[in-house]
Number of protein chains: 2
Amino acid sequence: MSSTTAGAATVELDPRRTQILRAALEVIAERGYGETRIADVAERVGVSPALVMYYFKTKDRLLAEAIRHAEDLWYADGTRVMEAIPTASGRLEALVRITCLSDEEVGPSDSWALWIDLWCQALRRPAVAAVREEFDAHWRETIRAVVHDGQAAGEFEPMDADEVAVALSALLDGLSIQIALHDPAVTEERAFATAMRFASRLLGFAWEPPEQVRRHRA
Amino acid sequence: MSSTTAGAATVELDPRRTQILRAALEVIAERGYGETRIADVAERVGVSPALVMYYFKTKDRLLAEAIRHAEDLWYADGTRVMEAIPTASGRLEALVRITCLSDEEVGPSDSWALWIDLWCQALRRPAVAAVREEFDAHWRETIRAVVHDGQAAGEFEPMDADEVAVALSALLDGLSIQIALHDPAVTEERAFATAMRFASRLLGFAWEPPEQVRRHRA
DNA sequence: ACTGACTGACTGACTGTTCAGTATAGGGGA
DNA sequence: TCCCCTATACTGAACAGTCAGTCAGTCAGT
């Protein structure tokens, strides 16, 4: 479906440019969007702040492009992982795993912080809001497609796939917030189990929690 | 009790102090936590910036107290509304309604933005993180209690109430993000219906989406 | 020599915080 | 009553630090 997504991502091949974008992403993840200074980004690359301005006209443009770059990276990884999984329930579990567990091969370990910052900045910055809406729409469409495939294959019960996509993406967003904030009541494993239990119950497929987090069921 | 908390108690009763706190909350909701200037708060109250520093030693302390103040206000309203509802399913619906629909009598209309900012700042500010964790723990406990009551009364099916609390609070958080960001795919009414459908299916109680979601309480 | 990558040094704006000082209210004494 | 004294609320102005953005100019490759 989305085999030609490389176009937009490879528009900028300038290595210095992508180097700066990557550095900006690191700084944003560490210090936060609002606390990111051009000097920090420049120092991380090992160049002068003026060079950052040379490549990106303003700070706003740098940060906006960095956010979009993060989205591209995240989805490139995500689709690569997803394509290798044959069953719909397996792909659904992969989606939940990517969202809840930090040791997956998708995105940086602190990508949750980036998400929260994305939402926060999207509140008031139209450029960020556009990226966010695109990102979420794409994410929901991914879930919807998996649900649809599973229903067509008889793995899932028939029900409104859009509805499931909205509910499940919201659930995952909410859980990722608790994980990002290290809430003691919501560990990564618990979030994973909660989301999977939820999805399996909703879609009517069998799923058993792994050994270490298995608990009694009614 | 007076020896250690007398200062704090009198502090909260100072009208000028609460006036500044309220103004700070308004500015935070409008401009965002990171973009809030003490000059803005002072101007809204009609005093000099120096007076704000006179009451709150630093900007950080002002903002931290403002956030805590918001939490207090929100829960005061929330518990008042909840107490008047007899059935557990009714209280659960009220919880969802408070979260999803903007015209309820709980909190300011833009309290979602405040929540997102709360999460964002909690990522890196320990003082805010403490308020956030308290807030969420209280919120989950509220849900858990309602679920437990409903199960005891036979309204809900038996299942782990903690599990339901984690899942439902996460779902509501995720939906509130989409609402706050005005995502075209998730209107307030749709979020409300999604959450209620989810909860009723999970807990096994009957719920029908209203023909037209009632708004503006008569 | 021309172009593009790159830099050091500067500026200009913003803003949290301080501080010296003003005004007002109240209390106590004569 | 009048005056003095003190504490409290409050302000205008300035200070000090931070940073995005600019610019003239250097350096390397062609």
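Note on naming: letters A, B, ... go to the chains in the order of the sequence lines (proteins, then strands), and numbering restarts at 1 for each one.
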Worksheet item: Reading DNA chain D 5' to 3', what string of ( ), [ ], | and . shows its pairs, if Watson-Crick and G-U wobble pairs count only when both distances fall under 3.5 Å?
Response: ||||||||||||||||||||||||||||||
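Listed by chain and number, the residues in a salt bridge (charged side-chain N to carboxylate O under 4.0 Å, His left out) with Glu141(B) are Arg144(B) (sequence neighbours excluded). Ala29(B) meets the side chain to side chain contact (heavy atoms under 4.5 Å, CB included) test with Asp110(B), Leu114(B); sequence neighbours excluded. By the salt bridge (charged side-chain N to carboxylate O under 4.0 Å, His left out) test, Glu93(A) is found to be paired with Arg97(A), residues two or more places apart in sequence or in another chain being considered. Partners of Ala195(A) according to the side chain to side chain contact (heavy atoms under 4.5 Å, CB included) rule, which considers only residues two or more places apart in sequence or in another chain, are Val96(A), Leu171(A), Leu172(A), Leu175(A). Residues meeting the ring pair (Phe, Tyr, Trp, His ring centres under 6.0 Å) test with Phe135(A), sequence neighbours left out: Trp74(A), Tyr75(A), Trp115(A). Take Asp60(A) and apply the salt bridge (charged side-chain N to carboxylate O under 4.0 Å, His left out) test, not counting sequence neighbours, and it matches Arg125(A).
Side chains of Gln19(B) and Arg22(B): a donor-acceptor N/O pair is absent below 3.5 angstrom, by distance only.
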Worksheet, complete the sentence: Contact string for nucleotides 12-30 of chain D, one letter per nucleotide 5' to 3', B = base within protein heavy-atom range under 4.0 Å, S = sugar-phosphate only, - = neither, reads B------SSSBB-------
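Across all strands shown, Tyr55(A) has heavy atoms under 4.0 Å from sugar-phosphate atoms exclusively, and none from any base.
Atom CZ of Arg124(B) and atom CD1 of Ile116(A) lie 9.0 Å apart (nearest 0.5 Å).
Residue pairs meeting the side-chain hydrogen bond (donor to acceptor under 3.5 Å, both in side chains) criterion with at least one partner in residues 28-38 of chain B, sequence neighbours excluded, are Glu30(B)-Arg44(B), Arg31(B)-Asp40(B), Glu35(B)-Arg37(B). Under the salt bridge (Lys or Arg N to Asp or Glu O under 4.0 Å) criterion, the residue pairs touching residues 166-186 of chain B are Arg132(A)-Asp183(B), Arg140(A)-Asp183(B), with sequence neighbours excluded.
When DNA chain C is scanned 5' to 3' for any atom under 4.0 Å from a heavy atom of chain A, the first and last hits are dG4(C) to dG8(C).
Near DNA chain C, meaning a heavy atom under 4.0 Å away, there are no residues from residues 120-128 of chain A.
Remark: Tyr54(B) is not in phosphate contact with dC10(D), judged by side-chain N or O atoms under 4.0 Å from OP1 or OP2.
Under a cutoff of 6.0 Å and an axis angle of 45°, Arg197(B) and Phe192(B) do not form a cation-pi pair. For the pair Arg61(B) and Tyr55(B), the cation-pi test (distance below 6.0 Å, angle within 45°) is failed.
Counting all heavy atoms, side chain and backbone alike, Ala191(A) lies closest to Val186(A) at CB-CG1, 3.9 Å.
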